[in-house]
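Below, read A as the first sequence line, B as the second, and so on, with proteins coming before strands; counting in each chain starts at 1. Only heavy atoms go into these numbers, but all of them, side chains included; no hydrogens, no water, no symmetry mates.
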Number of protein chains: 2
Amino acid sequence: MTTVLRSDDMRRRNRNLIMEIVRRKGAISRSAIAQTAALSPATVSTISNDLIAEGVLVAQGNGSAASSGRGRPSVHLSINPEFRHAVLIILKIGALNVSIIDYAGAVVAHQDFHIDMANIRAEEFRRTLIAEVRQTWDTSGLDEAQLARISVAIQGTTDTAGVHMLRSPMTPLTDVPIGPWLEEAFGAPVRLANDCDLIARALNWRDPERYSDNFAAILLAHGVGMGLFLRGQIINGTKSSGTEFGHMLHRPDGALCRCGSRGCIEANAGDYAILRRYRGDPADSAPASRVSAREIAAIAEAGRAGNERALDALAAAGRALGSGLAGIYALVDPFRIAFVGHGAAAFSLMEPALRQTLENSNARAARDVPIDLFPDEMPLVREGCCIDALSDIDARQAAKVNDFARA
Amino acid sequence: MTTVLRSDDMRRRNRNLIMEIVRRKGAISRSAIAQTAALSPATVSTISNDLIAEGVLVAQGNGSAASSGRGRPSVHLSINPEFRHAVLIILKIGALNVSIIDYAGAVVAHQDFHIDMANIRAEEFRRTLIAEVRQTWDTSGLDEAQLARISVAIQGTTDTAGVHMLRSPMTPLTDVPIGPWLEEAFGAPVRLANDCDLIARALNWRDPERYSDNFAAILLAHGVGMGLFLRGQIINGTKSSGTEFGHMLHRPDGALCRCGSRGCIEANAGDYAILRRYRGDPADSAPASRVSAREIAAIAEAGRAGNERALDALAAAGRALGSGLAGIYALVDPFRIAFVGHGAAAFSLMEPALRQTLENSNARAARDVPIDLFPDEMPLVREGCCIDALSDIDARQAAKVNDFARA
DNA sequence: GCCCTTTAATTCAAGCCTCAAAAAAAATCG
DNA sequence: CGATTTTTTTTGAGGCTTGAATTAAAGGGC
């Protein structure tokens, strides 16, 4: 069922549109905004002057930008970095990275911590997390009133609201209320998101031409995860965020997975699975708990040098990924894939098996699906987390102004 | 990227909202509309009087509806059946059903034709189709200017635009331009849609409480198809409509499918697959070309009486369906399923195997997913086709009025 | 039979919002 | 220094929704 539309909704949406354009372009004149947004100059003027008055945007005399000829010079608008700040937290096995960013997305403070969550109790985790975030915040020298949002990227699943961390390979703890913890400690809205979802979000942000309606980001690391966009919207569980692509069944009674099941895609394409097969360990042997990027790189190297076991292990990974994709492609026509993470560095050796698997499937046309590689996932996770935080601040500010005007 | 919003968009959307409410409620007063839509009585008054002036709605003195007490009696608004008419065409193996409906969705003419498309040439198909539609139209005695829309339900896939029929089990013809044929012959907009998608649409229309954000309709007939809603939107291929759920791989090198591959879900759960296994025919024997509903019912009957082969065949179907669902549930958390078609009448005997398969999968929680049964798919296909046609007429009319006002 | 109460629908003025056109601002060019 | 050019702002018009006031059309009570 559609929902009512009032005139302030109109303003809010056009305002968000302008913010999106400014964020993407960095610095842009009012008239250029009007053109890209298909809004009239008058409207852009009104809205952007409001934004400047609020302190959201700043106008900077065109400055260096070659006073490009005749006419009144355009004034470039840009995000006011000082307007608000956000905390980005990236939680992954063994590590906790905290960044403080300004409203323009620049990192103003950053610290990396080690954390072993394998045997941690919830209360200890809570204290550690808060202490390390606070410590990082303090190095920024900012007033806490400046903090408008905390975004957390996690390996694992969250509830849809992005409040609790349901399950994660980092820890045996389940249903961890990270959201409420941080909200209570810092008084700012908090949202958790799955790392793969954030990678997909980042790709969509970076290059909306390529990554718009339908595409997936597949993280090839210790585990295998997927961030999926369909019809321009991110698809995550109805109850939890993050698709469990890695735990789709590839081969009944196949190799043993970290999750305890057998035959998952991950049990064939995750780091530990590739290593296990390369070593010739039995398929039901316990997954290694940690595999370094170097080890995977070494296997790829061996494969390129012609090592049969390496080639076999990587081909198996390719087949598992291909069969999972074929399943999805039966539901939705083939779409672009980005393989992300250090597994992507070995992808060229998985690719033939993957494409062959697609060709043998019912989604034959998927054989030629475009695939991009991003061996380092961290910049994408950070970028996704960043845009998640900032666009949320934008939206909240727009809603606040609206409510204020109404009251 | 979001898009601009102007004040006429607002009006169009609120108008559509009102139409949706009137369509769903059948006859409803202005004040009741205002309440359900969360619009002010003033706005509803303005818009609905416009609609009445255009002839879209009619006002009927509350009539029978017990003059419910004090106060000025409410006037019920309802769709004006005479405003426009639509042609609904349902194409399935061996049959071509044509209905003419009025603007309120009532069938004013209907004819069923037999058609064998196994060895038909495109030109002959075109002529037959047009002739039979025209013949049915003529029995209605309506003026052709009354025809505002043609909606076609097909077994098979279409392009996303809903213009060409790409592939269908009905015929070896591919890429059949049914849309352009009919548009040229009747001068009304035409859209083709996959039958499973329409079934899902119908469920969403009938019972939006139950079938809203995430659910799937699975058609169990000769083939196995799926209409899938995620986040309230129908998901079909990026290039073709209709998910190919039936051709997801269930078991590598498994039973022979109609499509030529092996191990598809359909090759285990389609009519012919159940019959084949029941008879004890080898799994690679050629699929029967047609199986009647009675045959499936007989197998179910035998199963209920304890026949082992029948139970085995139906359990195999349940396992195949369960494994396909488990795959989807790994991507999206478990959602409600409606099994539709005569296979649904035998579902109780597939259910234990299906739920067991889910329980053994990684989507363990999916074991308790709610499942509804609709043994007769035709009313749903018709209803989906009907609402598809009518809501399109509504939207076009709203856009036309808007454009007119702007010019 | 008349007046009061109650509920539905309409009218009206006000407040937003966007837009086109005109005006103002701020440069360059000759 | 005035003409030209381009950007931005101002202004007036028109569309939309809304709350409040008004009108319409009943039933209830005396």
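Atom CZ of B/R11 is separated from atom C1' of D/dT18 by 13 Å (rounded to the nearest Å). Look at CG on B/D50: it is 12 Å from C1' on D/dG15, rounded to the nearest Å. Atom CG of A/D8 is separated from atom P of D/dT18 by 9 Å (rounded to the nearest Å). If you take CZ of A/R6 and P of D/dT18, they are 5 Å apart, rounded to a whole angstrom. One atom, CZ of A/R12, and another, P of C/dC16, lie 16 Å apart when rounded to the nearest Å. Look at CZ on B/R13: it is 12 Å from P on D/dT17, rounded to the nearest Å. A straight line from CG of B/L5 to P of D/dC16 spans 13 Å, rounded to a whole angstrom. For A/Q60 and D/dT8, the CD to P distance is 13 Å, given to the nearest whole Å.
Phosphate proximity of C/dT18 to A/N14: present, with a side-chain N or O under 4.0 Å from OP1 or OP2. Look at A/S40 and you won't find any side-chain N or O under 4.0 angstrom from OP1 or OP2 of C/dT18.
Residues satisfying the salt bridge (Lys or Arg N to Asp or Glu O under 4.0 Å) test with A/R382, not counting sequence neighbours, are none. Applying the salt bridge (Lys or Arg N to Asp or Glu O under 4.0 Å) test to B/D392 and every residue at least two apart in sequence or in another chain returns B/R149, B/R396. A/S40 is linked by a side-chain hydrogen bond (donor to acceptor under 3.5 Å, both in side chains) to A/T43, counting only residues two or more places apart in sequence or in another chain. Remark: A/F186 engages no residue in a ring-ring contact (aromatic ring centres under 6.0 Å, His included) (not counting sequence neighbours). For A/E54, the salt bridge (Lys or Arg N to Asp or Glu O under 4.0 Å) partners are A/R15, not counting sequence neighbours. Every salt bridge (Lys or Arg N to Asp or Glu O under 4.0 Å) that B/R336 has, sequence neighbours left out, goes to B/D372. Taking the side-chain hydrogen bond (donor to acceptor under 3.5 Å, both in side chains) definition, one finds that A/S45 meets it with nothing, sequence neighbours left out. Residues forming a side-chain hydrogen bond (donor to acceptor under 3.5 Å, both in side chains) with A/R191 (at least two apart in sequence, or on another chain): none. When the side-chain hydrogen bond (donor to acceptor under 3.5 Å, both in side chains) test is applied to A/R13, no partner is found at least two apart in sequence or on another chain.
Within a 6.0 Å sphere centred on CD of B/Q35, heavy atoms belonging to other residues, nucleotides or ligands number 12 at most.
Note on the helix from C/dG1-D/dC30 to C/dG30-D/dC1: angle between the axes of the first and last five pairs equals 30°, rounded to 10 degrees.
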- Message: Can you build the contact string for nucleotides 9-14 of chain C? Use B for base contact, S for sugar-phosphate-only contact, and - for no protein heavy atom under 4.0 Å.
- Response: SBB---
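Along DNA chain C, the nucleotide closest to A/G71 and the one closest to A/M10 are compared, and the more 5′ of them pairs with A/M10.
When each of A/D102, A/I393, A/L147 is tested with A/H85 by the rule side chain to side chain contact (heavy atoms under 4.5 Å, CB included), just one qualifies, namely A/D102.
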Taking N or O atoms only and anything under 3.5 Å, show me the protein contacts with nucleotides 28-30 of chain D, one pair per line.
unit_1, atom_1, unit_2, atom_2, d
D/dG28, O4', B/R70, NH1, 2.2

